[in-house]
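Worksheet: the structure to be examined is printed underneath.
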Amino acid sequence: MKKASLLIIILTLVYSCNKEVTIDFVEQQIETSQSAEISIVYPKAEGTDDIANRINTSIQNYIVKQINFSEDSQTKGSIDDAVAKFNYEFTSFKNEFPNDAQQWEAFIDGEVTYRSPEIISIAINSYLDTGGAHGNTTVRFFNFDPQTGKLLTKKELISNTEKLSKLIEHTLINEVKLKSDNEPVEDLFFGKDFQLPESLGYSEEGLIILYNPYEIASYAQGIIEFTIPFEEVNSFLNRS
């Protein structure tokens, strides 16, 4: 019996060693001014292959979709392919409208903002200008399970949506008042009830709350961002 127990322990240890999860990140950079002005910096996961591949696929698909802005936008293909397509579309537009074509720009900057045994949080800031009145800036957070590489949804991150929403709503109203010189906050969500941002992020300081311009009423200038310390939100989260 003792021999059998010892064998089980040894097999468990061997299995655990074989299943050890190791994920690191290296910075990837693509820059070109061959046609359009393009700069892409993002973290690439390395280590346990299946986990790293899941993380990298999510990040790559998002970057490709940001650059391939047309209605038939696809997430298939590499980032290099997307860069080549962006340059081709700009060159074609410039050849067709030589007097109207402004310089196109695509700037994407990604970084790991938080790591723990429970979560890896990555922020990607995208700026795209294809000759309109102004460029568009979007920030998106990606939260991954370090043990699987799975992209976590808000529902999987939050344990108590009602209480977290009330805390964020209260803080948000104060933030907007500060940015609008204490003007009344009206119709913050275009006549709808309070809404959580499309994505939540993590940092060493706490939970990052960020609303992109298209998520919030027009009077709120630019991106609305603030951080709530973990001690205030941990009881409402599944992971931290």
Using a 3.5 Å distance criterion without hydrogens, assess whether the side chain of [X] forms a donor-acceptor pair with backbone atoms of [Y].
{"X": "Glu156", "Y": "Thr153", "answer": "yes"}
{"X": "Asn53", "Y": "Asp49", "answer": "yes"}
{"X": "Thr48", "Y": "Thr22", "answer": "yes"}

Test side-chain hydrogen bond (donor to acceptor under 3.5 Å, both in side chains) applied to Thr138 and Asn212, step by step: CA-CA 6 Å; Thr138 303; Asn212 284 294; 4.8 Å; no
Parallel, tilted or perpendicular, as decided by the 30° and 60° cut-offs, for the rings of Tyr211 and Phe194: perpendicular
Within-4.5 Å side-chain heavy-atom neighbours: [X] and [Y]:
{"X": "Phe144", "Y": "Leu152", "answer": "no"}
{"X": "Leu172", "Y": "Ile209", "answer": "no"}
{"X": "Phe226", "Y": "Ile168", "answer": "yes"}
{"X": "Arg115", "Y": "Asp24", "answer": "yes"}
{"X": "Asn56", "Y": "Ser58", "answer": "no"}

Phe97-Phe93 aromatic ring centre distance below 6.0 Å: yes
Pair Phe25 + Tyr42: ring centers closer than 6.0 Å: no
For [X], does the [atom1] atom sit with more than 12 other heavy atoms under 6.0 Å from it, leaving out its own atoms?
{"X": "Lys163", "atom1": "NZ", "answer": "no"}
{"X": "Asp193", "atom1": "CG", "answer": "no"}
{"X": "Gln34", "atom1": "CD", "answer": "no"}
{"X": "Lys150", "atom1": "NZ", "answer": "yes"}
{"X": "Glu162", "atom1": "CD", "answer": "no"}

Six-ring centre of Tyr62, Arg140 cation under 6.0 angstrom, axis tolerance 45°: yes
With rounding to the nearest 0.5 Å, note down the distance linking [atom1] in [X] to [atom2] in [Y].
{"X": "Leu164", "Y": "Lys166", "atom1": "CG", "atom2": "NZ", "answer": "12.0 Å"}
{"X": "Ser159", "Y": "Leu237", "atom1": "OG", "atom2": "CG", "answer": "6.0 Å"}
{"X": "Ile119", "Y": "Asp145", "atom1": "CD1", "atom2": "CG", "answer": "8.5 Å"}
{"X": "Gln60", "Y": "Asp80", "atom1": "CD", "atom2": "CG", "answer": "9.0 Å"}
{"X": "Ser235", "Y": "Asn160", "atom1": "OG", "atom2": "CG", "answer": "7.5 Å"}
{"X": "Ile67", "Y": "Ile79", "atom1": "CD1", "atom2": "CD1", "answer": "7.0 Å"}

Nearest atoms (heavy-atom pairs only) where Ser240 meets Ser116: O-OG, 3.0 Å
In terms of side-chain heavy atoms, does [X] have a donor or acceptor partner in [Y] at a distance below 3.5 Å?
{"X": "Glu89", "Y": "Ser92", "result": "no"}
{"X": "Ser203", "Y": "Glu205", "result": "yes"}
{"X": "Glu31", "Y": "Gln29", "result": "yes"}

Test log, rule side-chain contact (heavy atoms from CB on, under 4.5 Å), inputs Ile51 and Ile23: CA-CA 8 Å; Ile51 299 174; Ile23 293 294; 3.7 Å; yes
ILVMFWY cluster, Phe230 and Leu196 together (side-chain gap under 4.5 Å): yes
Hydrophobic cluster membership, Ile224 vs Ile228, 4.5 Å side-chain cutoff: yes
Remaining members of the apolar cluster that contains Phe107, side-chain heavy atoms under 4.5 Å: Tyr127
